[in-house]
Amino acid sequence: FILTDAEILCPGDSKQFTMPSVNETGSFQYQWYVNMGNGFVDLPSDSHYSGSFTRFLTIANIPSSFSGYIYRGRGQAIGGFGSQTLITDFKAFSFRNTWLGINANWNDINNWSCHLLKDENTEVNITTGTAFSPVVNTNSTFKNLYIKPGGSIRIITGITLSVIGK
């Protein structure tokens, strides 16, 4: 099935997924998969993933390039009296950086909820009620831009904001 909502994270966050436990005799074998946009494949073994053959998958220091990835856990009874197979899908990741408005500098990391600058995989959220609205003085590219009613953004002449909406 297709998951339509996403879990909002900041780039660099960590996340743990847990497969449901099963009352089965014998043992259970686990495997985790990822869908990066072209169907589910075995989870690669690298510095971001641990536990890909256990009930508990940990994804560490998640880069914004993982935006939209969907994870699937599969557990299968081995031996004993059962032959149960569980497949569990988990929400995709989305990365959102919200304007805090400490000052008006678009490139000051302290003005952003993730304390990182935005990139082409990050959604930008401009809210109301901050001390300063953003003044954009450098070209920027990001995934989506959300401006709350009453919120504003000022773009210096000659500067380009690219919203790629992927």
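Note that the coordinates shown come from a computational prediction; the quantities given were computed from them, not determined experimentally.
- Summarising the geometry of C114 relative to P11, their closest heavy-atom pair is SG-CD, 4.1 Å, with the distance given to 0.1 Å.
- Across every non-hydrogen atom of I159 and T138, the tightest pair is CG2-O, 3.3 Å.
- Considering only residues two or more places apart in sequence or on other chains, Q29 meets the side chain to side chain donor-acceptor pair (under 3.5 Å) condition with none of them.
- When side chains are defined from C-beta on, I62 counts as touching F95, because their heavy atoms get closer than 4.5 Å.
- Of all non-hydrogen atoms in G151 and T128, the two that sit nearest each other are N-CG2, 3.2 Å.
- For W106, the side chain to side chain donor-acceptor pair (under 3.5 Å) partners two or more places apart in sequence, or in a different chain, are S140.
- The aromatic ring centres of Y71 and F93 sit less than 6.0 Å apart.
- Listed by chain and residue number, L9, C10 satisfy the side chain to side chain contact (heavy atoms under 4.5 Å, CB included) test with D13 (two or more places apart in sequence, or in another chain).
- The disulfide bond (SG atoms under 2.5 Å apart) contacts involving residues 35-66 comprise nothing, where partners must be two or more places apart or lie in separate chains.
- Under the side chain to side chain contact (heavy atoms under 4.5 Å, CB included) criterion, S133 pairs with S152, sequence neighbours left out.
- Of all the heavy atoms in L100 and T130, the pair that sits closest is O-CG2, 3.3 Å.
- When the side chains of ILVMFWY residues are joined at heavy-atom separations under 4.5 Å, either directly or via intervening members, I153 and I156 end up in a single hydrophobic cluster.
- Taking the side chain to side chain donor-acceptor pair (under 3.5 Å) definition, one finds that N105 meets it with nothing, sequence neighbours left out.
- The line from CG of N144 to OG of S94 is 7.5 Å long, rounded to the nearest 0.5 Å.
- Nearest heavy-atom pair across N107 and K118 is OD1-NZ, 4.2 Å.
- Follow the hydrophobic side-chain contacts under 4.5 Å out from I8 and you never reach Y69; the two are in separate clusters.
- The shortest distance between side-chain heavy atoms of D108 and I102 does not fall below 4.5 Å.
- Residues satisfying the side chain to side chain contact (heavy atoms under 4.5 Å, CB included) test with S50, not counting sequence neighbours, are T58.
- For residues 123-139, every residue pair satisfying the salt bridge (Lys or Arg N to Asp or Glu O under 4.0 Å) rule, not counting sequence neighbours, is listed here: R96-E123.
- H48 contributes a side-chain N or O that, together with a main-chain N or O of A60, makes up a donor-acceptor pair within less than 3.5 Å.
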Step by step, work out the side chain to side chain contact (heavy atoms under 4.5 Å, CB included) result for T54 and Y30.
CA-CA 5 Å; T54 71; Y30 297 95; 5.5 Å; no
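- The side-chain heavy atoms of P134 and I126, taken from C-beta on, include a pair separated by under 4.5 Å.
- For N139 against T160, the heavy-atom pair with the smallest separation is OD1-N, 2.8 Å.
- Here the straight-line distance linking atom CD1 of I155 with atom CG of N137 works out to 11.5 Å at 0.5 Å rounding.
- With rounding to the nearest 0.5 Å, the separation of CZ in R55 from CD in Q16 is 10.0 Å.
- If you chain together hydrophobic residues whose side chains sit under 4.5 Å apart, L145 and L117 fall into the same group.
- Looking at I87 and M19, their side chains never come closer than 4.5 Å, going by heavy atoms from C-beta outward.
- Residues L57 and M36 share a single hydrophobic cluster, defined by chaining ILVMFWY side chains whose heavy atoms lie under 4.5 Å apart.
- With sequence neighbours excluded, no residue satisfies ring-ring contact (aromatic ring centres under 6.0 Å, His included) with F132.
- Residue W32 is tested with F90, F56, F53 for a ring pair (Phe, Tyr, Trp, His ring centres under 6.0 Å); the sole match is F90.
- With sequence neighbours excluded, the residues forming a side chain to side chain contact (heavy atoms under 4.5 Å, CB included) with D119 are S64, N121, T122, listed by chain and number.
- Partner of W99 under the ring pair (Phe, Tyr, Trp, His ring centres under 6.0 Å) criterion, out of Y146, W112, F142: W112 alone.
- For T18, there are no side chain to side chain donor-acceptor pair (under 3.5 Å) partners two or more places apart in sequence or in a different chain.
- Not counting sequence neighbours, the partners of K15 by the salt bridge (Lys or Arg N to Asp or Glu O under 4.0 Å) test are E7.
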